[in-house]
Each structure stands twice: as structure tokens, then as C-alpha cells.
> 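Structure incoming, see below.
Reckoned from all heavy atoms, side chains included, excluding hydrogens, waters and symmetry mates.
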Amino acid sequence: MKDKYDNMVTVYARIEKEGGLYYWYTSHLTKPQDADGIGIYNPSNVESNLDTAEAFLKAYISMMKDSKVIVPNNHY
């Protein structure tokens, strides 16, 4: 995908089911706004159903396109 600055970044994503909950992850993290002083956004990634997990995952990836992909996610 391309971020706001036309940097091409390969971002991987996955959803896993564990104990009746769905956990979603991305291989990279981003900021909610591309400005100095704003930290990396670590989203709450636990949902009770698959549809909601997919929706939040897609929203987070969309946010990456509007900002800048910052760092690899060490928890991916």
C-alpha cells in the first residue's frame, strides 16, 4: 500500500480466534494524525465477533493510507 507520502509499504494483517474472541493484528503501526508530538496508535484489537474485527482492521489500514506507516509491529 502507499501511505500519505507515497511510500510503498507491504503491510500484512491477520485475525485470530482465541477463546471466543477475535484478535486482529497488522504488521506495522501508524499515527492517528501525522504530526509531531502525537504518538503511535496501538489500537484495541479484541472484538467479540468476526465482522466487527474485520471492520476495525480495515479502518486501521485506511488510517495508514491517510497518515504515514511508522514502525513495524513487534507483536505481529
Side-chain angles (χ1 to χ4, degrees):
M1 62 171 268
K2 284 189 179 183
D3 68 9
K4 179 179 178 180
Y5 298 97
D6 286 333
N7 297 313
M8 184 58 87
V9 180
T10 302
V11 176
Y12 298 96
R14 71 177 193 264
I15 298 175
E16 296 177 350
K17 184 176 182 182
E18 184 178 319
L21 296 173
Y22 294 88
Y23 295 83
W24 60 269
Y25 305 92
T26 58
S27 60
H28 291 73
L29 298 172
T30 191
K31 292 181 174 185
Q33 297 175 15
D34 193 21
D36 292 337
I38 295 178
I40 294 170
Y41 179 52
N42 289 299
S44 172
N45 64 336
V46 181
E47 300 301 332
S48 60
N49 66 62
L50 182 58
D51 290 337
T52 304
E54 287 176 349
F56 276 102
L57 176 59
K58 288 176 183 177
Y60 190 76
I61 291 171
S62 291
M63 185 172 39
M64 288 180 171
K65 294 177 184 177
D66 293 335
S67 185
K68 182 176 182 182
V69 177
I70 304 296
V71 294
N73 183 354
N74 293 329
H75 302 287
Y76 181 76

> Heavy atoms, side chains only, cut-off 4.5 Å: are Met64 and Thr26 in contact?
yes
> If I compare all heavy atoms of Ala53 with all of Tyr22, which pair ends up nearest, and what's the gap?
CB-CB, 3.9 Å
> Give the cluster check for Val71 versus Met8: same hydrophobic cluster or not, with ILVMFWY residues linked at side-chain heavy-atom distances below 4.5 Å.
no
> More than 12 foreign heavy atoms under 6.0 Å from OH of Tyr25: is that the case here?
yes
> Closest approach of Ser27 and Thr10, non-hydrogen atoms and distance?
OG-O, 4.0 Å
> Hey, what do you get for CH2 (Trp24) to OG1 (Thr52), rounding to the nearest 0.5 Å?
12.0 Å
> Is there a donor-acceptor pair under 3.5 Å between the side chain of Tyr60 and the backbone N or O of Leu29?
no
> Once rounded to the nearest 0.5 Å, what's the spacing between atom NZ of Lys17 and atom CG of Asn49?
10.5 Å
> Can you name the nearest heavy-atom pair linking Phe56 to Glu47, along with the distance?
CD1-OE2, 3.5 Å
> To the nearest 0.5 Å, what is the distance between CD1 (Ile15) and CG (Asn45)?
10.5 Å
